[in-house]
Amino acid sequence: MSTIALPYLSAARVSGPDAHAFLQGQLSADISGLQERHATLACYCSPRGRVLGLLLVIRTGGDYLAVGSASLLPGMMKRLQLYVLRAQVHIDLAPELTVVGLGAVDSKGSEPPGFSPPGIGLTYDVQSGAAPSEAPAEEWKALELARGVAWLGPETTERFIPQMLGFERIGAVSFSKGCYPGQEIIARAKHLGRVKRRPQRLLAESGPIAPGSSVRLIAGGQSLDGTVVEGVAAGASGDGSAGQTLLMVVSAEPSDPIESLEYEGRSYGCATME
């Protein structure tokens with residue numbers, strides 16, 4: 001089992017007698033069903049239903065760990081703190097903890113020790129101190145993108161509702177739980193079927209394209225607008241591919257396979273990835 005240190009993620013602790021009820025009322029996943037040593041992905045959203053960031057919520061020792069983008073987590077925890085009010089909840093960043101990837105669930109469903117949120121087939125752990133890394137973090141990020149996991153960053157925070165990112169497919173959204181910020185907008189989009197922008201993973205024959213960048217996609221005679229959510233060098237997946245694997249939000253579902261991508265006046269060949 002390899003251990004991959006993930007410096008792009010960091011952790012915080014949410015503790016206290018009211019931590020359970022507090023997180024249930026703030027996050028999009030159903031925290032009420034989370035058992036000890038279990039984990040779930042969840043969105044923290046604005047009142048407009050836009051995703052501020054993705055979180056991995058772990059119940060451990062009666063308290064909770066919240067893992068998220070290292071660039072966004074301090075701001076998200078500061079924002080959560082504003083809503084504690086009289087609740088007995090303590091929110092603290094945990095810089096002494098290192099987030100690592102441990103491995104994938106195998107074909108028999110066996111999982112390495114750690115925390116495996118349902119829906120993505122990957123196992124994480126949170127360890128004290130610096131953790132040795134047996135592979136570059138880009139390899140793990142390639143696995144995440146293949147499973148629809150994107151942690152967002154300063155360029156992409158608060159730009160998309162969860163369905164635009166496909167986060168309902170990875171167990172980060174419950175449509176049966178009670179209220180949380182943005183819940184009404186997110187639920188209305190689901191029930192009215194008005195989510196036109198959807199996630200798409202592409203292999204592009206391009207150099208790095210920064211998250212948040214706008215591109216134009218060509219599929220047959222159709223031209224579509226796209227926004228880059230996250231990307232990683234295609235070779236990070238270990239298949240020897242050149243170019244970039246990009247997770248994008250696309251303005252509409254193409255009727256034909258995507259053939260090319262236009263960015264900053266240049267055109268690059270690309271192909272849809274399953």
S.K.: For atom CD of Glu205, decide whether the heavy atoms of other residues, nucleotides or ligands shown that lie under 6.0 angstrom number more than 12.
M.R.: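 For Glu205, atom CD is not crowded (no more than 12 foreign heavy atoms under 6.0 Å).
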S.K.: Is the backbone N or O of Glu155 less than 3.5 Å from a side-chain atom of Arg159, with the two atoms forming a donor-acceptor pair by type?
M.R.: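 Checking the backbone N and O of Glu155 against the side chain of Arg159, a donor-acceptor pair under 3.5 Å is found.
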S.K.: Would Phe175 and Ile185 show up in the same hydrophobic cluster when neighbours are defined by side-chain heavy atoms closer than 4.5 Å?
M.R.: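 Different clusters: Phe175 never reaches Ile185 through Ile, Leu, Val, Met, Phe, Trp or Tyr contacts under 4.5 Å.
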S.K.: Got a sec, which residues hit side chain to side chain contact (heavy atoms under 4.5 Å, CB included) with Glu96, two or more places apart in sequence or on another chain?
M.R.: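 Side chain to side chain contact (heavy atoms under 4.5 Å, CB included) list for Glu96, sorted by chain: Arg13, Ala94.
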S.K.: Is the backbone of Ser255 close enough, under 3.5 Å, to the side chain of Gln222 for a donor and an acceptor to pair up by distance?
M.R.: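 Side chain of Gln222 to backbone of Ser255, a donor-acceptor pair under 3.5 Å: yes, one is there.
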S.K.: Tyr44 and side-chain contact (heavy atoms from CB on, under 4.5 Å): which partner among Leu23, Leu80, Thr157?
M.R.: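 Checked Leu23, Leu80, Thr157 against Tyr44; only one passes side-chain contact (heavy atoms from CB on, under 4.5 Å): Leu80.
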S.K.: So that I can tick it off, tell me whether Lys141 and Glu230 are bridged by a salt bridge, with the cut-off set at under 4.0 angstrom between side-chain N and carboxylate O.
M.R.: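 Yes.
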S.K.: Ion pair present between Glu168 and Arg198, side-chain N to carboxylate O less than 4.0 angstrom?
M.R.: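 Salt bridge: yes.
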S.K.: Please answer: with hydrophobic residues joined when any side-chain heavy atoms are less than 4.5 Å apart, are Ile31 and Val84 in the same cluster?
M.R.: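 Per the 4.5 Å side-chain linkage, Ile31 and Val84 are co-clustered.
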S.K.: Are Arg201 and Thr245 close enough that a side-chain donor and a side-chain acceptor fall under 3.5 Å?
M.R.: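 There is no such pair (donor and acceptor under 3.5 Å, judged by atom type) between the side chains of Arg201 and Thr245.
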S.K.: Side chain of Arg197, backbone of Met164: donor and acceptor closer than 3.5 Å?
M.R.: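 Side chain of Arg197 to backbone of Met164, a donor-acceptor pair under 3.5 Å: no, none is there.
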S.K.: Does one hydrophobic cluster hold both Ile170 and Val249, with members joined at side-chain heavy-atom distances below 4.5 Å?
M.R.: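 Cluster IDs for Ile170 and Val249 match.
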S.K.: Could you tell me whether the side chain of Leu55 reaches within less than 4.5 Å of the side chain of Leu73, counting heavy atoms only?
M.R.: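 Answer yes - side chains close enough.
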S.K.: After noting the C-alpha distance and the side-chain angles of Met248 and Thr227, does the key distance pass the side chain to side chain contact (heavy atoms under 4.5 Å, CB included) rule?
M.R.: CA-CA 5 Å; Met248 313 192 67; Thr227 303; over 6 Å; no
S.K.: Kindly state whether the ring of Trp140 and the ring of Tyr124 have centres lying under 6.0 angstrom apart.
M.R.: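 So the answer is yes for these two rings.
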S.K.: Answer yes or no: is there an ion pair linking Arg266 with Glu262, defined by an N-O contact shorter than 4.0 Å?
M.R.: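 Salt bridge flag = no for Glu262 with Arg266.
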S.K.: Kindly indicate, with the supporting measurements, whether the criterion side chain to side chain contact (heavy atoms under 4.5 Å, CB included) is fulfilled by Leu217 and Val250.
M.R.: CA-CA 8 Å; Leu217 303 171; Val250 181; 3.7 Å; yes
S.K.: Given the rule in the side chain to side chain contact (heavy atoms under 4.5 Å, CB included) test, do Cys43 and Val173 qualify, once you have shown the distances and angles that lead to the verdict?
M.R.: CA-CA 7 Å; Cys43 301; Val173 180; 4.2 Å; yes
S.K.: Could you tell me if the side chain of Ile209 sits less than 4.5 Å from the side chain of Leu261, heavy atoms only?
M.R.: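 Yes; the side chains approach each other to less than 4.5 Å.
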S.K.: Going through the checks in order, is the side chain to side chain contact (heavy atoms under 4.5 Å, CB included) test met by Gln24 and Asp30?
M.R.: CA-CA 6 Å; Gln24 179 72 358; Asp30 188 0; 3.1 Å; yes
S.K.: Going hydrophobic residue to hydrophobic residue with side-chain gaps under 4.5 angstrom, can you get from Ile218 over to Tyr268?
M.R.: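 No, because Ile218 and Tyr268 fall into different hydrophobic clusters, even though each may have its own neighbours under 4.5 Å.
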S.K.: State, to 0.1 Å, how close Gly171 and Ala29 come at their nearest heavy-atom pair, and which atoms those are.
M.R.: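 Heavy atoms only, the tightest pair is O-CB, 4.3 Å.
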S.K.: Are Val149 and Val229 linked, directly or through other ILVMFWY residues, by side chains that come within less than 4.5 angstrom of each other?
M.R.: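 Linked, Val149 and Val229 end up in one cluster.
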